[in-house]
Amino acid sequence: SKRLLNVTIPSWRALHDVSLPEDLAEEAARVYGYNNIKSAPPKAELTPPLANSSKILERKIKNILAVGAGLAEVYNYSFISSSALDKLKIDEAKAIKLANPLSKDLAWLRPSLVPGLVENIKTNQAAQAEIGIYEIGNIFLNRPGKIIKDNKSQETLFWQEKSLTIVLAGHGTDDLFRKLKGIMEYLLLSLNLAVEFEKADSAPVWAENSAAADCLVGNKIIGRADFLEKNMGRAFGLKKAVAIGEIDFKELSELIENQPVKQFKELPKYPVVSRDLALVANEKILYNNIKKQIINFSNLIKQVELFDIYHGEKIGQGKKSLAFHIIYQAERTLTAEEVDEIQERLVKHLEKELGIKIRNF
């Protein structure tokens with residue numbers, strides 16, 4: 001229980017000397033003797049901070065892209081100019097204009113990371129033959145978001161989400177696009193996510209329609225790969241081709257959080273049988289369509305891997321040759337005759353469905 005202690009302070013000690021409870025404690029300790037008081041460390045409870053899964057994922061991605069893929073990270077302002085919006089044909093109605101901008105060149109909140117990254121390419125294009133950069137940052141759109149402004153109403157802030165954008169610049173357009181998709185695949189595989197690319201039905205206003213691909217994990221589109229349209233590149237003063245990959249950071253986070261726990265499984269008891277298959281197809285037929293036809297043809301086909309693409313006079317104009325490794329496996333030992341029979345039926349199936357023929361040279 002607490003006790004009230006009345007203390008009278010001598011007049012010669014009352015002026016700025018003993019005026020607080022702590023001053024009285026000091027007097028008592030001095031009279032008792034400092035050496036007679038047992039020393040003990042103060043009690044302090046240390047509690048670890050809550051794990052921030054978003055920050056942990058962001059750090060993982062940065063390590064993969066910077067160390068593994070050799071890209072440089074950049075940080076750009078969240079503000080862009082109306083000129084950048086105009087050059088990329090981005091509708092100003094989709095963006096948010098600031099009421100008190102720092103300058104006229106920083107008057108809009110960025111609806112995409114692309115404008116800033118394209119400016120980075122322009123600034124550095126004279127110094128390097130090839131450039132690879134990425135940025136992780138918030139983008140803002142002129143529509144209601146999910147964050148409530150205050151407790152007084154249910155009014156929300158504008159939509160804002162984190163995005164990941166990768167930009168490569170160089171001269172070989174086909175190689176550049178393949179490299180971009182390779183980096184995106186490397187990133188997602190490093191995060192234990194299997195990825196596929198499919199031709200997109202539409203493209204952003206700033207992109208080439210002929211080269212637009214959706215990035216899928218499972219059946220979910222989480223990003224895309226595109227080429228910056230040439231005239232827009234010229235408007236920015238670019239002298240290189242630019243490939244742009246975008247990934248929705250929130251969608252990626254949810255996929256990783258909902259991943260099933262990986263479990264070890266017993267190694268197969270029976271050996272695999274490998275066959276190579278070289279095909280000639282129309283250039284317009286997509287690789288993924290061919291792969292799906294092969295993998296779905298038989299439940300004994302466990303894996304399909306493309307290892308070569310060839311164009312040449314022997315193939316013919318408008319044609320391409322694709323060579324696949326096909327892995328067969330069953331819960332028993334497969335015979336060579338059995339695999340050959342399946343592969344023969346597979347070739348006939350591909351010819352019927354896609355007009356594909358086996359390469360005979």
Side-chain angles (χ1 to χ4, degrees), residues 174-175 177-200 211-225 245 255 259-260 262 265-312 314-315 318-361:
D174 289 342
D175 289 341
F177 201 61
R178 279 196 290 268
K179 187 176 180 181
L180 172 67
K181 291 193 293 182
I183 289 172
M184 294 173 73
E185 183 177 12
Y186 167 69
L187 168 65
L188 294 167
L189 287 176
S190 299
L191 296 170
N192 296 318
L193 295 172
V195 59
E196 286 187 348
F197 288 93
E198 290 186 357
K199 185 173 176 59
D214 288 327
C215 176
L216 294 91
V217 174
N219 294 320
K220 195 170 192 178
I221 297 175
I222 66 162
R224 55 180 306 115
L255 282 171
Q259 271 182 321
K262 281 202 165 187
K265 62 180 182 180
E266 187 180 353
L267 290 171
K269 295 179 181 178
Y270 300 96
V272 300
V273 179
S274 176
R275 288 286 187 274
D276 289 347
L277 185 62
L279 304 168
V280 177
N282 189 294
E283 272 191 331
K284 294 182 179 180
I285 298 176
L286 300 177
Y287 150 74
N288 271 341
N289 291 347
I290 301 173
K291 181 181 176 181
K292 285 178 181 177
Q293 289 288 341
I294 296 174
I295 201 79
N296 294 328
F297 181 72
S298 170
N299 58 8
L300 297 181
I301 297 177
K302 303 300 182 184
Q303 190 176 341
V304 179
E305 179 186 6
L306 178 70
F307 69 89
D308 183 55
I309 300 176
Y310 171 74
H311 294 83
K314 292 183 178 179
I315 300 297
K319 302 283 186 179
K320 61 183 176 182
S321 171
L322 301 98
F324 293 90
H325 287 309
I326 302 177
I327 303 298
Y328 295 83
Q329 192 171 37
E331 291 300 315
R332 54 187 173 80
T333 301
L334 291 171
T335 64
E337 291 79 10
E338 186 177 5
V339 173
D340 290 341
E341 190 270 334
I342 296 172
Q343 187 128 325
E344 187 177 339
R345 287 192 291 109
L346 171 62
V347 171
K348 292 178 181 177
H349 171 77
L350 292 172
E351 184 172 2
K352 179 183 177 182
E353 294 296 322
L354 301 174
I356 294 173
K357 295 184 178 181
I358 192 167
R359 197 172 84 186
N360 55 9
F361 61 89

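Basis for what follows: all heavy atoms, side chains included, without hydrogens, waters or symmetry-related copies.
- With contacts defined as side-chain heavy-atom distances shorter than 4.5 Å, the pair L322/I356 does not qualify.
- In summary, of the residues considered (N296, I294, I290), a side-chain contact (heavy atoms from CB on, under 4.5 Å) with K292 occurs for N296 alone.
- Note that the CG atom of N289 and the CG atom of L350 stand 11.5 Å from one another [nearest 0.5 Å].
- Listed by chain and number, the residues in a side-chain hydrogen bond (donor to acceptor under 3.5 Å, both in side chains) with E338 are R332 (sequence neighbours excluded).
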Side chains of residues 177-197: which donor-acceptor pairs under 3.5 Å do they make with residues two or more places apart or in other chains?
unit_1 : atom_1 : unit_2 : atom_2 : d
R178   : NH2    : D175   : OD1    : 2.8
S190   : OG     : Y186   : O      : 2.7

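- Heavy atoms only, all atoms of each residue included: L306 and A323 are closest at CD1-O, 3.4 Å.
- Side-chain atoms of Q293 and L346, non-hydrogen and from C-beta on, never get closer than 4.5 Å to each other.
- The neighbour count for E344 CD, taken as heavy atoms of other residues, nucleotides or ligands under 6.0 Å away, does not exceed 12.
- Here CG of N299 is found 12.0 Å from CD of Q329. Values are rounded to the nearest 0.5 Å.
- For residues 272-302, the ring-ring contact (aromatic ring centres under 6.0 Å, His included) pairs, not counting sequence neighbours, are F297-H349.
- By the neighbour-count criterion of 12 heavy atoms within 6.0 Å, atom NZ of K357 is sparsely surrounded, having that number or fewer from other residues, nucleotides or ligands.
- For F324, there are no ring-ring contact (aromatic ring centres under 6.0 Å, His included) partners, not counting sequence neighbours.
- Residues I342 and R345 are in side-chain contact: their nearest non-hydrogen atoms beyond the backbone lie under 4.5 Å apart.
- Counting only residues at least two apart or in different chains, salt bridge (charged side-chain N to carboxylate O under 4.0 Å, His left out) contacts with residues 213-224 comprise D214-R224, K220-E251, R224-D226.
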Exercise answer: donor-acceptor pairs, residues 271-286 side-chain atoms, under 3.5 Å, sequence neighbours excluded:
unit_1 : atom_1 : unit_2 : atom_2 : d
R275   : NE     : D340   : OD1    : 3.0
R275   : NH2    : D340   : OD1    : 3.1
D276   : OD1    : H325   : ND1    : 2.4
N282   : OD1    : K284   : N      : 2.9
E283   : OE2    : H311   : NE2    : 3.1

